[in-house]
Amino acid sequence: MKQVIAGLIDSALKTLIENGTLPEDVQPNIMVENTRDKSHGDYASNIALTLAKPARSNPRQLAEKLVAALPQSDNLTRTEIAGPGFINFFISEASTNSLLTTILDQKESYGRNNDGAGRKVQVEFVSANPTGPLHIGHGRGAAVGDCLCRIMDANGWDVTREFYYNDAGQQINNLALSVQARCKGLTPDDASWPEDGYRGDYIIDLAESFMRGDTVKSEDQSFTGTKNSADLEAIRHFAVAYLRREQDLDLKAFAVDFDVYFLESSLYEEGKVERTVQTLIKNGYTYEDGGALWLRTTDFGDDKDRVMRKKDGGYTYFVPDVAYHLDKWQRGFECVLNEQGADHHSTITRVRAGLQALNADIPKGWPDYVLHQMVTVMRGGEEVKISKRAGSYLTLRDLIDEVGRDATRYFLAARKSDSHLTFDIDLARSQSADNPVYYIQYAHARVCSIFRKLAENNLDWDLETGKAALSCLELESEKNLVINLGRYPEVVKNAASAREPHQIANYLRDLAGDFHTYYNSEKTLVDDENLRNARLTLAVAVRHVLANGLDLLGVTAPEQM
RNA sequence: GUCCCAGUAGCUCAGUAGGAUAGAGCGGUCCCCUCCUAAGGGACAGGCCAGGGGUUCGAAUCCUCUCUGGGACACCA
């Protein structure tokens, strides 16, 4: 609808240019906005305000001329000039009816678009190292990342979900040592406990499983415990496989799937790290100092140069990161979104600098990052403290068990990811209108419930008679509901371009609210057959949009609650 | 010290490319209801958008400085 109005304005502008009211070289930026206040019409444009200066005219006069030059359209009932020179548009019944028809015809594809045109996007998210169960921070990453995938998909992108993990570094070594210590019966309080050992109770389970000779299988690997507590290498493999399986179960419980599990160790095994380093040296961006090899990241906006290869010969962590991203680029991902905790912020500049230094024609701002801030959990009005060190741990799975998958996903994705999130367990659990997930899902279930009632009354409804009856929808609340439904495709688009899943959540809450209000004030199953059919049709359209939006959040749309 | 994020109603947060009187939920106060299954519905109160300066027709939104909170700044990953 916005495009329709923008088109009308555009042709009015052409007329004004032709008759000399506007200079020929104006470059109009036509904006059509949703109005907050319905007395300002359904849509509004500030075009006259922005063009008043080049037209050497005052905005209201220009607006009048523009309105006079607008072509006739069935979509509008009238226009109005208001305030300093806004043009307000009131759309017609024909227009809202055709919007409803579109929704009903497109059903689950309503709101989707083809902006991505099948181009490849990779979303890397969670990427937790296999050193422990997933906690709520990972959960936020999983929820936001998965929603981003769904949103990109809805915008026509070809999405690959990728999970990257470090299976070789120092912390895996610590993990192996910790498990070995447990295998030998040590506890964290013993003097010989590894210095940076992991203290959580899950290490005990892991050690016991290894000593039993269990076989663990995860999405991307499998390993059998050798029962030999002296074999650190076997313990390491087993521990990684074991914790990967645990994480898989967590993710499964959260309905998050990945297409690719990428092992950091493979970068070394396949020589990718080495080749990357050689390229950087060849390109002249490195130098030796103090026995270490440095990368001149300051050439690319970093505030100091970074060590690539330490004195002891090992690479610093960002080197495999650069190799990894080169690999992503070579796999053809024009767009890469890395969803990470905000504590990874400092790597961004380094990775991008490293990529630029490869001279591989990688765009400057590539890849894209979506960072999320911390999550604090509240229960009974008090903060639930999480101490990884002491091993007291609120895992993602605990949370899912306690509040359910839908609520967990919704709460973790419904806030803008770069602000801190307070997760209120009591609210997430509550079965009332205070709980936004419940509220939205209930709106969906409510439509379904109306149809069950209809069947009980031995009445029926079908799409064609419903569409034919739409002209019975005369109420302002009905028209507003339709206009809100019409905003949905735009929300899907904005959520993708801003990489902000929470926009979907906010939209759905508003829509659900409007529908509940409407439902409470107007009876749907009225005696007048035409009106009943029309209202049922509107309800079906609301149901489609709610279901489509909930799907983008990965939250179910129940028929009954 | 440098960098990033945030600072909007008592609380949790929105605010969509700068736009017309700043929005929602909870909590508070006051009504109504028991009507398509929903412990429900409605109304009111509540704000110098952290603060100063700037840009312009117009700023919560952009620029700049200051203050406060969180995070990041290793030859750790």
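Labels below follow one simple rule: chain letters A, B, ... track the order of the sequence lines, proteins then strands, and each chain is numbered from 1. Note that the coordinates shown come from a computational prediction; the quantities given were computed from them, not determined experimentally.
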Asks: Measure CD/Gln340(A) against P/rG71(B) and give the value in whole Å, please.
Replies: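 That distance rounds to 19 Å.
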
Asks: For the pair made of CD1 in Ile440(A) and C1' in rA38(B), what is the distance, rounded to whole Å?
Replies: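 Atom-to-atom, Ile440(A) to rA38(B), this comes out as 17 Å.
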
Asks: Does this structure show an ion pair linking Glu339(A) with Arg140(A), if we count only N-O contacts that are shorter than 4.0 Å?
Replies: no

Asks: If you measure from the P atom in rC44(B) to the same atom in rG23(B), how many Å do you get, rounded?
Replies: 13 Å

Asks: Could you tell me whether Gln560(A) contacts a base, only the sugar-phosphate backbone, or nothing, with contacts defined as non-hydrogen atoms closer than 4.0 Å?
Replies: base

Asks: Given Lys328(A) and Glu124(A), is the salt bridge (charged side-chain N to carboxylate O under 4.0 Å, His left out) satisfied, shown in steps?
Replies: CA-CA 10 Å; Lys328(A) 290 186 183 184; Glu124(A) 182 207 322; 2.7 Å; yes

Asks: Roughly how many Å apart are rG18(B) and rU56(B), using the C1' atom of each and rounding to a whole number?
Replies: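 Pairwise C1' distance, rU56(B) against rG18(B), rounds to 10 Å.
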
Asks: Do we get Arg509(A) above Tyr410(A)'s six-membered ring, with its NZ or CZ under 6.0 Å from the centre and within 45° of the axis?
Replies: no

Asks: Parallel under 30°, tilted from 30 to 60°, perpendicular over 60°: which one fits the rings of Phe451(A) and Trp461(A)?
Replies: perpendicular

Asks: Taking only side-chain nitrogens and oxygens of Thr517(A), does any of them come within less than 4.0 Å of OP1 or OP2 of rG42(B)?
Replies: yes

Asks: Can you find a side chain N or O atom of Lys310(A) that sits less than 4.0 Å from OP1 or OP2 on rC76(B)?
Replies: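 Looking at the OP1 and OP2 atoms of rC76(B), one of them is under 4.0 Å from a side-chain N or O of Lys310(A).
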
Asks: Can a side-chain donor-acceptor contact be found between Glu478(A) and Tyr518(A) if the only test is distance below 3.5 angstrom?
Replies: yes

Asks: Base, sugar-phosphate, or nothing: which does Tyr315(A) touch, judged by heavy atoms less than 4.0 Å apart?
Replies: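 Sugar-phosphate, no base atom in range.
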
Asks: So, is Ser521(A) close to the rG42(B) phosphate, meaning a side-chain N or O under 4.0 Å from OP1 or OP2?
Replies: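 Result: no.
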
Asks: Whether the Asp302(A) and Thr349(A) side chains hold a donor-acceptor pair (N or O, under 3.5 Å, no angle test) is what I'd like checked.
Replies: no

Asks: Does Thr524(A) reach a base, just sugar-phosphate, or nothing at all? Heavy atoms under 4.0 Å.
Replies: base

Asks: Nearest-Å distance, NZ (Lys2(A)) to P (rU16(B))?
Replies: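 Rounded to whole Å, this separation is 12 Å.
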
Asks: What is the ring orientation for Tyr442(A) with Tyr438(A), classed by angle as parallel under 30°, tilted 30 to 60°, or perpendicular over 60°?
Replies: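 Rings of Tyr442(A) and Tyr438(A): parallel, under 30°.
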
Asks: Give Ser417(A) one of three labels, base, sugar-phosphate or nothing, depending on what nucleic acid heavy atoms sit under 4.0 Å from its own.
Replies: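 The residue Ser417(A) makes no contact with any strand.
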
Asks: On RNA chain B, check which nucleotide each of Trp294(A) and Val526(A) is closest to and give me the residue with the more 5' one.
Replies: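 Residue closer to the 5' terminus by nearest nucleotide: Val526(A).
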
Asks: Between rG19(B) and Asn46(A), counting only base atoms on the nucleotide and side-chain atoms on the residue, is there a donor-acceptor pair under 3.5 Å?
Replies: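 Such a pair is found, so the answer is yes.
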
Asks: Please determine whether a side-chain nitrogen or oxygen atom of Ser449(A) lies at a distance below 4.0 Å from atom OP1 or OP2 of rU37(B).
Replies: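 Looking at the OP1 and OP2 atoms of rU37(B), one of them is under 4.0 Å from a side-chain N or O of Ser449(A).
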
Asks: Contact class for Gly290(A) vs. all strands (heavy atom < 4.0 Å): base, sugar-phosphate, or nothing?
Replies: base

Asks: Once the angle between the rings of Trp366(A) and His325(A) is folded into 0 to 90°, is it parallel (under 30°), tilted (30 to 60°) or perpendicular (over 60°)?
Replies: perpendicular

Asks: Using a heavy-atom cut-off of 4.0 Å across all strands, would you classify Met308(A) as base, sugar-phosphate, or nothing?
Replies: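 Here Met308(A) touches no strand at all.
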
Asks: Which nucleotides of nucleotides 20-34 of chain B have their base under 4.0 Å from a protein heavy atom (B), which only their sugar-phosphate (S), and which neither (-), written as one string 5' to 3'?
Replies: BB--SSS--------

Asks: Scan Asn129(A) against the nucleic acid and name what it touches under 4.0 Å (heavy atoms): base, sugar-phosphate only, or nothing.
Replies: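 Result for Asn129(A) = sugar-phosphate.
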
Asks: In whole Å, what is the span from the CZ atom of Arg309(A) to the C1' atom of rC75(B)?
Replies: 12 Å

Asks: Which part of the nucleic acid, if any, lies within reach of Lys311(A) when heavy atoms closer than 4.0 Å are counted: base, sugar-phosphate only, or nothing?
Replies: base

Asks: Rounding to a whole Å, what distance do you find between Leu263(A):CG and rA77(B):C1'?
Replies: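 Going from CG in Leu263(A) over to C1' in rA77(B) covers 16 Å.
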
Asks: Could you check whether atom CG of Asp527(A) has more than 12 heavy atoms from other residues, nucleotides or ligands sitting under 6.0 Å from it?
Replies: no

Asks: So, is Lys523(A) near the phosphate of rC35(B), with a side-chain N or O under 4.0 Å from OP1 or OP2?
Replies: no

Asks: Considering only the C1' atoms, how many Å lie between rA38(B) and rC33(B), rounded to the nearest integer?
Replies: 14 Å

Asks: For salt bridge (charged side-chain N to carboxylate O under 4.0 Å, His left out), just list the numbers for Arg309(A) and Glu288(A), CA-CA rounded to whole Å, side-chain angles, deciding distance to a tenth of an Å, and then say yes or no.
Replies: CA-CA 9 Å; Arg309(A) 193 172 57 217; Glu288(A) 301 249 2; 3.7 Å; yes

Asks: Work out how far the C1' atom of rG7(B) is from that of rU66(B), and round it to whole angstrom.
Replies: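 These two C1' atoms come out 14 Å apart once rounded.
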
Asks: Testing Phe163(A), Tyr164(A), Tyr165(A) for ring pair (Phe, Tyr, Trp, His ring centres under 6.0 Å) with Tyr261(A), which one passes?
Replies: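 Output: one option passes, namely Phe163(A).
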
Asks: Could you tell me how far rU8(B) sits from rA14(B) if I compare only their P atoms? Round to whole Å.
Replies: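 11 Å, rounded to whole Å.
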
Asks: Describe the nucleic acid contact of Asp289(A) in one word from base, sugar-phosphate, nothing, applying a heavy-atom distance below 4.0 Å.
Replies: base

Asks: Give the rounded distance in Å between these two atoms: CZ of Arg532(A) and C1' of rC36(B).
Replies: 12 Å

Asks: Can you tell me how far C1' in rA60(B) sits from the matching atom in rA17(B), rounded to whole Å?
Replies: 16 Å

Asks: Taking the cut-offs as 6.0 angstrom to the six-membered ring centre and 45 degrees off its axis, would you call Arg306(A) and Phe318(A) a cation-pi pair?
Replies: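 Not flagged: Arg306(A) not positioned over aromatic ring of Phe318(A).
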
Asks: Base contacts versus sugar-phosphate-only contacts with protein, heavy atoms under 4.0 Å: please encode nucleotides 2-9 of chain B as B, S and - from 5' to 3'.
Replies: -SSS----

Asks: Roughly how many Å apart are rA59(B) and rA20(B), using the C1' atom of each and rounding to a whole number?
Replies: 14 Å

Asks: Which part of the nucleic acid does His344(A) contact within heavy-atom distance under 4.0 Å: base, sugar-phosphate only, or nothing?
Replies: nothing

Asks: When you compare rG41(B) with rC35(B), how far apart are their C1' atoms, in angstrom units rounded to a whole number?
Replies: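 That atom pair is separated by 11 Å.
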
Asks: Please report, rounded to the nearest Å, how far the P atom of rA38(B) is from the OH atom of Tyr438(A).
Replies: 11 Å

Asks: Let me know the distance between CG of Asn338(A) and P of rA77(B), rounded to the nearest Å.
Replies: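 Interatomic distance, CG of Asn338(A) to P of rA77(B): 19 Å.
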
Asks: Categorize Tyr439(A) for me: base, sugar-phosphate, or nothing, with a 4.0 angstrom heavy-atom threshold over every strand shown.
Replies: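 Result for Tyr439(A) = nothing.
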
Asks: Which is true for Arg452(A) with a 4.0 Å heavy-atom rule: it touches a base, it touches only sugar-phosphate, or it touches nothing?
Replies: base

